[in-house]
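Step one of this worksheet: look at the structure below.
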Amino acid sequence: MKNLFKLSFISLLIILCQNPAIAQVSVRLSGKILNQRNQPVAGATISVKGLRSVPANADGEYSLQLPEGKYSVTVTAVGYQTKEVVDVEVKANLDNTLDILLEDKKSELGEVVVTSSRRQESTNTMLTFQKNNTAMSSGLAADFIKRTPDKNTGEVLRRVSGASIQDNKFVVVRGLSDRYNAAMINGATLPSSEPDKKAFSFDVIPSQLIDNIIINKTATPELTGEFAGGLVQIATKDIPVKNLLNVGVSFGFNTQSIGKEFVSNRRGATDWLGFDDGQRSLPASYPTKYLAYNRLPMADRYAISQQFNDGVYDEVTSTAGPIQQYNLTWANAVRDKKGGAFGSVVGLTYRQSKLIFPTVNRQIFDFDGSTLLDYVDAQNKNSTTWGGLANFAYSKGKTKIAFKNLFNQLLEDNYYRRNGVNIDNLQDVQMRSSVLNQRSLYSSQVELTHQFKNKFKFSGNINYAFNKKDQPDLRVQTYAKPAGSTAPFSLNNRGNNTNRFWSDLKDQSAGYQVKLEMPFNLKGVKQVASVGGGSFARIRQFQATILGVNDPSNAGLFFEQYNNVFQSTNFGPNGFMYITDLQNVNDKYFGASVLSNAYVMFDNKIGEKLRLVWGARGEYFEQVVETNATKNLEVQTDKFDFLPSANITFTPNRKTNLRVAASRTVARPEFREVAPFAFFDFEEIASTVGNPDLKRSSIINTDVRYEWYPKAGEMISIGAFLKSFDAPIELRLNSASAPTRRQYQYQNAESAILYGAEFEFRKSLGFLGKEGGWMEKLYFNGNASLLFSEVTLQIQDASGVKTGAFNRPLQGQSPYLINAGFQYDGDNGLNLSLLYNVIGQRLRFVGNDNYGDVYEKPRNLLDFQISKKIMKKRGEVRLTVSDLLNQYVLLYEKPITKEKTAYDENVDRIFTRYRPGTTFSIGFTYDINIK
C-alpha cells in the first residue's frame, strides 16, 4: 500500500509536468497595502507608470499582471502620503510579492511623495509587522520557516524569542508552562488537545501549511485575556500570489534508527493513514456503562473476555526504513474584469517515520535517595501524520469573505520493552507496553470583512473546531521473578502491573467574534476606536475503561509467554477473566463551558511620536463538569473578570520604538484539571489527578522594551517584564504519594512572581565586506531570555491555620533561553542556515517534603540546512541535518536538601536519560506554474 502511494505520487508529478495545458505565461505582481498601525488600506490605488492601475481590496491586497521588466509603482490613498517604490523588478520564477507601507498625511506639509526602493520596502515584512504591532510580539514568517529543518509548528515555535518547546509539542513562553499560554488559528481559539493537561499539541500542524506565526507577549482588549506567557497566533496560507501546483518529497534517516531492527505489535490495516482499523477496539458486547459489566452473570463475563482480539500481543519485527514526507499544494486565483477575485489554496502533507530509542534509563528513588526502581527501556516509535488545508476567499472592492479549513490526523504507536530491577520488591522485572495515541483536529472559520463609505470597517468570524484523541487498547504486561534467581519469569497481574486501557476524548467548540473599527480625526491626527465582542462555547466528553485480570485457578497460566498468555482459550472458569477492579467512578466525565466577551479599544496618536493603545475587556465565564460521582459540579465561582490593558509606543524617529505595557489577565482551570479522574503513566511511573477545588489565577503584567530597526530586514531589541500571580495553578506531587506510585495533582499556590529580560536581534553582516557583496545577504539572528521566578506556598497546620511559607521556582521555569543562527539568502537561489538552541535547567516535576523536584538538564541543539534553486528556479533541493550534537535528554531529581538547580552528577539522581539521535534528510520541491 505504501509503495502504491509513492508510485501514484510520482506518476501524478510526471503527468502534470507533461500536460501541455500547464505552462508559465503571465507574470503577476501582488502584495498588501498597510498603514503604520498594520491595518490594510482598502481602496488604495496602485498604479504602474505607463501601464495600468488597480484598487486594493478589503484586506489591502492588490494584484497586477505585467510583462517582465523593471517598474516604478505608485500608491495613493485618501488621508495618506503618496508613495513611489522604484526598482521593482518582476520576473518569471521569482517571488513577485511587494507589500507597501503608507504613512499618514501631514496636512501642514501639503502633497508629499515618499520615495522608496523595493529592497527597503519588502526585505522583511514580519519585522515591519512587529515594529508597528499594537502589542509587544515576536514572530516568524513563511520564508524563515522553510529555511529551517522543522517539520511541524511545535518545532518552529522554539525559534521564537522567549519561547521553548516541551516534548516537541507544548509551548513554554517566558518560562511559563503550557497552561499559561493560549493558541489561535486564523483568529479562532484552539481548544486543549490533551486529556491530561491544559495545552495544545502543536506537532499536529505541519510547518508547510503556515503563512506566519505571531506570539503576542502583552495583552490588548481585542485579544483573549486568558494568557500570561504568550498568545500563539497561527495564520495559514490565504489567497495565492500566483497560480501554481507545488509538489515535494523528502527522505531522511535517524542515525540510531535507520536499518535497525524495529519491534512492535501487529500494525492495523489503516495505520498508515493515521486511523486505527478497529482491531484494537473493545468487543461490541462489552457494556461500557460503569459497573454494568460487574452485574452480568459470571458465564457472560467469561464469554465477553473470550471475544477480545487474540493477535494484539504478537510481536512483529521489521526494519526501520527512511523517514518519508510528501507535500502537494495547489494555489489558484481567478480575477474578473470588474475587480472581483476568487482565490483558493489547497494543501496536503503526509509524513511517516520509525524511530528507535534503544536505551532509555529510568530510575525512582526513596526518601533517603536509595534506588527503588532501576529500569532500561527499548522504545520503538511508529508515527504517521497527514494534514489538509483548504482555504477559499472571494474579494471585490472593499468586501472580502473567506472560508478556511484545517484538518490533521496523527497516529503514534510507542512500543517499548522494559528490563530492570524492582529493588523495593526484590524482583527482576520484564515489561512490555504498547501506547497508541490517535488524534484528529478539524478547524473551520468563515470570515467577513467590509469597509463602509464612512471608513468604518467591520470584521467578524464564526468558527468551529473538533478535537478528538483516542487511546485504543493501551496494553501493559509485567513479568517478575526473585532478583538474581534462575527461576522463570511469571506474570504479575497485581494492581496496575498488567492491564488494558481504552480512552475516548471528544472536544467540540464553536464561537463567533465581531469587531467594528471607527477611525476619526482629533486635531487633525488620525485615531481609531474599536468595539467588539463574541462568545466561545465548548463541550467535552471523556470516557476511559481500564481492565485487569483475575488470578486463574490454573497456576500454570502465570508462566505462559507474553504473546500467548491472553489467548481467548486461556479465559474461562479455570483461567483468566477480565475484571474492573481498577475502574473508577470518575473515569467518565462531561464538561461544558461558555466564555462571553465584550471590549472597547482606542488606538490614539498623541502628536507625531506617541501612540497609545488602551481599553478594557470584560469576560464572563461559566463552566460545569459532571462525573458519575458528581453531578452539576460548578467549579468556577468568579465568573466575571474586568481586564484593562494599555500599550504605549514612543517613536522618536523612524528607526526606534520605546514600548511600555501593562495589563491584567487570567488563567482558568481546564476541564481535565478539575475533573477527579486519575491516569497512571507507565513511562513516567506516575499518575495525574484533577482537583475540583481549583480557583482561577489572576495575573498583573508589566513590560518595557526598546526596539531599533537600523535598516530594512534588521532589528535589535531589549526588554524587561514583571508578572505577579494570585493563586497560580501548578501540577505538584501529592503528599499521599507512595515511593513507587507517585501521584501529581493540580493545585493552587498562594502567589508567584516572574520577572526577566529579553534580547533579540537580526543583523546583516554586510558591514564586514564590500558594499553590495555576498555578506550583505548573510544575516545573524539571535534572541536570549533571562528569567527568574518564585512561588510562595503556604504551610497549614492540622486545623487549617497558616503557619509559614516557603519559596521555589515556577513549574516549567527555565532560568534562560538562547536561540542563535546564521542565515544566507543568495540571489542565485542558494540558501543556508545554521541554527542553535538551548534552554536552561527546567523544573519539570514539582516534588514535596519527601521527594525532590525533577529538572531537565540543558541540552544544546544545532541544526543545519542548505538549499539550492534549480530548473530555472522552479525546483529546489534541500539538505537538512537536525540535532547535530545528539546530546542526552536528561531529567534529574534534586535532593530536597540541595537548593542549587544546576546538574551535579555527584549529587543528583538520574530520573530519565536517552539520546534522540541525529536526523538527516534530503528533499525536492517543484513549482508547476498554471496558466
Side-chain angles (χ1 to χ4, degrees), residues 138-172 202-203 205-208 210 213 248 250-258 322-325 327 349 351 353 355 357 383 760-762 765 778-785 814 816-826 830-840 842 856-868 876-890 914-925:
S138 299
L140 298 175
D143 63 338
F144 178 86
I145 293 170
K146 72 181 181 181
R147 289 177 174 83
T148 72
D150 304 329
K151 59 184 178 296
N152 60 60
T153 309
E155 295 178 354
V156 170
L157 282 169
R158 73 170 184 251
R159 314 289 182 188
V160 181
S161 175
S164 63
I165 290 296
Q166 186 173 304
D167 299 332
N168 286 325
K169 53 189 175 182
F170 303 122
V171 67
V172 175
F202 286 97
D203 62 336
I205 303 178
S207 59
Q208 291 81 10
I210 302 169
I213 297 175
S250 72
F251 295 95
F253 66 90
N254 182 279
T255 52
Q256 63 187 27
S257 304
I258 189 71
I323 300 167
Q324 308 167 54
Q325 184 160 321
N327 305 297
T349 181
R351 189 174 192 275
S353 67
L355 298 178
F357 304 90
S383 179
E760 183 176 5
F761 66 93
R762 175 182 165 89
L765 299 183
L778 179 63
Y779 285 86
F780 184 33
N781 307 281
N783 58 73
S785 301
S814 299
Y816 63 87
L817 302 92
I818 299 173
N819 287 287
F822 291 94
Q823 185 174 329
Y824 175 77
D825 300 317
L830 178 66
N831 293 280
L832 299 98
S833 63
L834 182 67
L835 304 173
Y836 171 79
N837 169 266
V838 67
I839 64 169
R842 175 164 53 194
E856 182 178 355
K857 185 177 180 291
R859 184 171 179 270
N860 298 289
L861 280 166
L862 190 63
D863 302 320
F864 171 75
Q865 178 171 279
I866 180 171
S867 63
K868 181 70 171 70
E876 183 180 62
V877 178
R878 183 181 306 172
L879 171 68
T880 63
V881 186
S882 303
D883 199 357
L884 267 165
L885 303 178
N886 190 26
Q887 294 183 341
Y888 277 109
V889 174
L890 193 151
Y914 67 93
R915 290 187 190 271
T918 299
T919 300
F920 294 79
S921 65
I922 186 166
F924 173 73
T925 60

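Please read these numbers as outputs of a predicted model, since none were measured by experiment.
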Enter the distance from [X]:[atom1] to [Y]:[atom2] here, rounded to the nearest 0.5 Å.
X      : Y      : atom1 : atom2 : value
Arg915 : Asn886 : CZ    : CG    : 5.5 Å
Ser867 : Arg878 : OG    : CZ    : 6.0 Å
Asn819 : Ser785 : CG    : OG    : 8.5 Å
Asn327 : Ser250 : CG    : OG    : 7.0 Å
Ser353 : Gln325 : OG    : CD    : 10.0 Å
Tyr824 : Leu765 : OH    : CG    : 12.0 Å

Considering only heavy atoms from C-beta outward, does the side chain of Leu355 approach that of Ile323 to under 4.5 Å? yes
Please examine the side chains of Phe251 and Gln324, heavy atoms only from C-beta on, and report whether any two atoms are closer than 4.5 Å. yes
Quick one: do Val877 and Ile866 satisfy side-chain contact (heavy atoms from CB on, under 4.5 Å)? Show the steps, please. CA-CA 8 Å; Val877 178; Ile866 180 171; over 6 Å; no
Between [X] and [Y], what is the shortest heavy-atom contact and its length?
X      : Y      : value
Gly840 : Pro858 : C-CG, 3.9 Å
Asn254 : Gly917 : ND2-C, 3.7 Å
Val889 : Pro916 : CG2-CD, 4.2 Å
Phe780 : Gly821 : CD1-O, 3.1 Å

Does a donor on one side chain and an acceptor on the other come within less than 3.5 Å for Thr880 and Ser921? yes
Any donor and acceptor pair, going by atom type alone, linking the side chain of Gln823 with main-chain N or O of Asn781 inside 3.5 Å? no
Are the side chain of Thr919 and the backbone N or O of Ser882 linked by a donor-acceptor pair below 3.5 Å? no
Derivation of the side-chain contact (heavy atoms from CB on, under 4.5 Å) call for Leu834 and Tyr836: CA-CA 7 Å; Leu834 182 67; Tyr836 171 79; over 6 Å; no
Run the side-chain contact (heavy atoms from CB on, under 4.5 Å) check on Leu832 and Phe822 step by step: do they pass? CA-CA 8 Å; Leu832 299 98; Phe822 291 94; over 6 Å; no
Give a yes or no on whether Tyr914 atom OH has more than 12 heavy-atom contacts from other residues, nucleotides or ligands under 6.0 Å away. no
Quick one: sort the Phe920 and Phe253 rings into parallel, tilted or perpendicular, breaks at 30° and 60°. parallel
Residues passing the side chain to side chain donor-acceptor pair (under 3.5 Å) test with Asp883, sequence neighbours excluded, are Arg859
Given side-chain contact (heavy atoms from CB on, under 4.5 Å), test Leu835 with Leu861 step by step and report yes or no. CA-CA 8 Å; Leu835 304 173; Leu861 280 166; over 6 Å; no
Under the side chain to side chain contact (heavy atoms under 4.5 Å, CB included) test, which residues partner Leu884, sequence neighbours left out? Leu862, Phe864, Val881
